[in-house]
Amino acid sequence: MAMKRAIRDPHQLLRILKLEGRVNLSKSANFPTFVPLEFVSRMTIGDPSDPLLRQVLPLSEEDEEVAGFTSDPVGDLNATACDSLLHKYDGRALLISTSACGIHCRYCFRREFPYQDVANRSHRWQPALEYLRTHSEIDEVLLSGGDPLTLTDDSLFDLLRRIDEIGHIRRIRIHTRMPIVIPQRVTPQLINTLRDLQATVWMVVHCNHTAEIDTAVLDSWNRCVDNGIPVLNQSVLLRGVNDSVEQLESLCRTLVNFRVQPYYLHSLDRVRGAAHFEVSNQKGLELMKELRARLPGYAVPTFVQETAGQSSKSVVTSMDVPPGEKA
Ligand SMILES: *Cc1c(COP(=O)(O)O)cnc(C)c1O
Ligand code: SF4
């Protein structure tokens with residue numbers, strides 16, 4: 001329902017926010033606009049630089065070709081173990097449960113991913129489940145996408161139970177932005193189903209700015225944590241959204257106040273059309289240093305980047321700052 005009512009026309013979004021004629025839109029974006037009204041309602045009317053709006057509005061900057069920004073920056077197309085399963089890192093595999101998301105984030109590295117080739121087929125999970133059954137060294141499955149919580153309860157519960165039947169899978173991690181975008185999706189039925197699984201469930205949500213957090217979001221986190229499902233958060237460091245120490249500090253503080261642990265702060269994946277979100281690693285490291293000074297250790301996320309071909313996400317260090325950028 002919330003998905004059906006979502007905004008798909010950037011002009012309509014600008015009309016709602018009383019910003020017509022004040023923003024230059026992309027003319028060639030091949031990643032459609034998609035923003036649920038629940039998320040729009042947290043934006044400020046009349047503010048063209050609203051941090052939530054910036055995450056979803058296709059700006060004319062997307063049309064600029066910028067060297068180094070490509071269509072598969074993290075090398076996922078080479079890591080597809082079989083239909084809809086990415087097995088890049090030891091012990092854990094990522095299952096692309098659906099191609100759909102509850103929102104389209106303009107900075108997302110998956111904006112160029114040819115999902116139709118790997119998902120959306122009938123019995124599409126069979127090969128992935130077969131791979132998991134025969135690889136006993138995998139003890140954790142990440143449900144990702146797309147966003148797994150855009151699946152219907154029937155499909156999602158069926159998938160969860162089939163994964164849970166595989167004895168060596170001890171943990172199921174659900175990577176989802178739905179508790180932020182459409183928090184009503186975290187229903188009591190969903191929580192009950194997760195509680196009934198043998199495997200331990202971890203929820204990893206994706207929130208970039210404190211303005212994304214309203215009482216419905218807090219309720220969805222509480223429903224998880226109260227029922228024994230730990231919640232982690234990952235953010236992407238985004239220019240014009242959260243690239244200030246004040247905002248990052250306030251985000252991390254709010255998260256731990258509500259029992260959500262900051263997990264990763266991602267350096268932007270250099271996907272085509274997202275160059276206007278880039279923050280230099282130099283600046284990212286300075287922000288991290290300041291965060292460590294201001295926050296308890298458990299409230300500080302790890303600043304990481306994804307490099308094609310690596311055996312894990314890599315922690316960003318001063319080695320990752322190009323010489324010209326060093327202060
Ligand atoms: C990020 C990612 C994971 C999970 O990495 P963690 O460091 O365990 O959070 C697993 N598989 C793929 C393909 C990933 O991109
Ligand atoms: S995968 Fe996550 S970051 Fe990418 S568009 Fe979907 S919700 Fe946004």
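Side-chain atoms are counted along with the backbone in the values below, which use heavy atoms only and exclude waters and symmetry mates. Both counts, for ligands and for their atoms, begin at 1 and track the order of listing.
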Q: Would you mind running through ligand 2 and noting each atom that sits below 4.0 Å from a heavy atom of His206?
A: 3 (S)

Q. Within a reach of under 6.0 Å around CZ of Arg171, are more than 12 heavy atoms found that belong to other residues, nucleotides or ligands?
A. yes

Q) Should one rank Gly102, Ser144, Cys105 by closest heavy-atom distance to atom 5 (S) of ligand 2, which comes out on top? A) Cys105

Q | Identified side chain to side chain donor-acceptor pair (under 3.5 Å) partner of Glu62 from the options His276, Arg111, Lys27 | A | Arg111

Q: Give yes or no for whether the N/O distance cutoff of 3.5 Å, strictly under, is met between Tyr263 and ligand 1.
A: yes

Q: Look at ligand 1 and say whether His87 reaches it with a heavy atom at a distance under 4.0 Å.
A: no

Q: Please indicate whether Gln198 has more than 12 foreign heavy atoms, meaning atoms of other residues, nucleotides or ligands, lying under 6.0 Å from its CD.
A: no

Q: Give a yes or no on this: more than 12 heavy atoms of other residues, nucleotides or ligands lie within 6.0 Å of atom CZ of Arg195.
A: no

Q. Can you tell which part of Arg173 has a heavy atom less than 4.0 Å from ligand 1: side chain, backbone, both or neither?
A. side chain

Q. Taking both backbone and side chain into account, is any N, O or S atom of Cys108 nearer than 2.8 Å to atom 4 (Fe) of ligand 2?
A. yes

(Q) Test of understanding: given a 4.0 Å heavy-atom threshold, classify the contact between Arg111 and ligand 2 as side chain, backbone, both, or neither. (A) neither

Q. Of Leu132, Ile138, Leu95, which meets side-chain contact (heavy atoms from CB on, under 4.5 Å) against His87?
A. Ile138

Q) Any chance CG of Asp226 has more than 12 other-residue heavy atoms, nucleotides or ligands included, within less than 6.0 Å? A) yes

(Q) Under a 4.0 angstrom heavy-atom cut-off, which atoms of ligand 2 come close to Cys101? (A) 1 (S), 5 (S), 6 (Fe), 7 (S)

(Q) Closer than 4.0 Å to some heavy atom of Tyr264 - which atoms of ligand 1 meet that? (A) 6 (P), 7 (O), 9 (O)

Q. Looking at Arg92, which atoms of ligand 1 are within less than 4.0 Å of one of its heavy atoms?
A. 5 (O), 6 (P), 7 (O), 8 (O)

Q.
Please say yes or no: joined through hydrophobic side-chain contacts below 4.5 Å, possibly via intermediate residues, are Leu52 and Val40 part of one cluster?
A. yes

Q: Kindly assign one of parallel, tilted or perpendicular to the pair Tyr264 and His266, based on the angle between their ring planes and the thresholds 30° and 60°.
A: perpendicular

**Q.** Proximal ligand 1 atoms for Leu142, defined as those under 4.0 Å from one of its heavy atoms
**A.** 3 (C), 4 (C), 10 (C)

Q: Consider ligand 1: state whether an atom of it lies below 4.0 angstrom from any non-hydrogen atom of Glu306.
A: yes

Q) Going by heavy atoms, is Ile103 under 4.0 Å from ligand 2? A) yes

Q. Parallel under 30°, tilted from 30 to 60°, perpendicular over 60°: which one fits the rings of His104 and Phe34?
A. tilted

